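To keep things clear, I will list the structure first and then write my remarks on it.
We use all heavy atoms of the structure for the numbers below, so side chains are in, but hydrogens, waters and symmetry mates are not. No experiment lies behind these values; they were computed from the predicted model shown.
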Amino acid sequence: MMETKEQDRHWHLVRNDNGEWISDENAVFLTSAEVRSLQIKARLAGKRLNIQHGYEGILWCYKHEYLNINNKK
């Protein structure tokens, strides 16, 4: 039986810098420019931001931190 793309998506994982695996639904993938912008916003707002480093130089952060910095619910 073939899975739909939506069903298949539930199994994608990314590894954080501590070696733990999390669902990619809890991550926001960023470009270098987006990282710099987000770091500035976080610093100015006094909010926490942990940039993670994936395979092949992919940068990402936790979705809840991204939403908190950008004041999105």
Side-chain angles (χ1 to χ4, degrees):
M1 180 177 158
M2 291 183 58
E3 292 184 348
T4 66
K5 287 183 182 181
E6 186 61 30
Q7 289 171 324
D8 184 45
R9 180 164 171 70
H10 292 294
W11 296 100
H12 292 189
L13 300 173
V14 292
R15 181 174 264 174
N16 68 16
D17 289 347
N18 291 329
E20 302 164 328
W21 292 96
I22 66 162
S23 168
D24 67 350
E25 292 177 355
N26 296 314
V28 176
F29 298 93
L30 306 162
T31 66
S32 295
E34 290 170 324
V35 167
R36 285 189 296 274
S37 175
L38 201 56
Q39 286 173 322
I40 291 168
K41 285 181 184 179
R43 192 174 308 123
L44 292 174
K47 296 183 178 180
R48 181 182 174 113
L49 176 65
N50 290 305
I51 299 298
Q52 304 292 313
H53 305 83
Y55 293 108
E56 298 179 3
I58 294 173
L59 300 171
W60 63 275
C61 70
Y62 292 100
K63 187 174 187 177
H64 69 276
E65 291 179 349
Y66 178 86
L67 294 175
N68 186 34
I69 291 166
N70 287 303
N71 295 318
K72 297 179 182 175
K73 300 275 177 185

TODO: Answer yes if V28 and I40 sit in the same cluster of Ile, Leu, Val, Met, Phe, Trp and Tyr residues linked by side chain heavy atoms under 4.5 Å apart, and no otherwise.
DONE: no
Open item on the list: My understanding is that only residues two or more places apart in sequence, or in another chain, count here; which of them pass side chain to side chain donor-acceptor pair (under 3.5 Å) with E20?
Closed with: N16
Open item on the list: If hydrophobic residues (ILVMFWY) are linked whenever their side-chain heavy atoms come closer than 4.5 Å, directly or via other members, who joins I58 in its cluster?
Closed with: V14, I22, F29, W60, Y62
Do any side-chain atoms of residues 43-52 form donor-acceptor pairs under 3.5 angstrom with protein atoms, and if so which ones, sequence neighbours left out?
unit_1 : atom_1 : unit_2 : atom_2 : d
K47    : NZ     : N68    : O      : 2.8
K47    : NZ     : N71    : OD1    : 3.0
N50    : ND2    : E65    : OE2    : 3.1
Q52    : OE1    : D17    : N      : 2.6

- [ ] For E34, enumerate each residue passing the side chain to side chain donor-acceptor pair (under 3.5 Å) test, keeping only those at least two apart in sequence or located in another chain.
- [x] T31
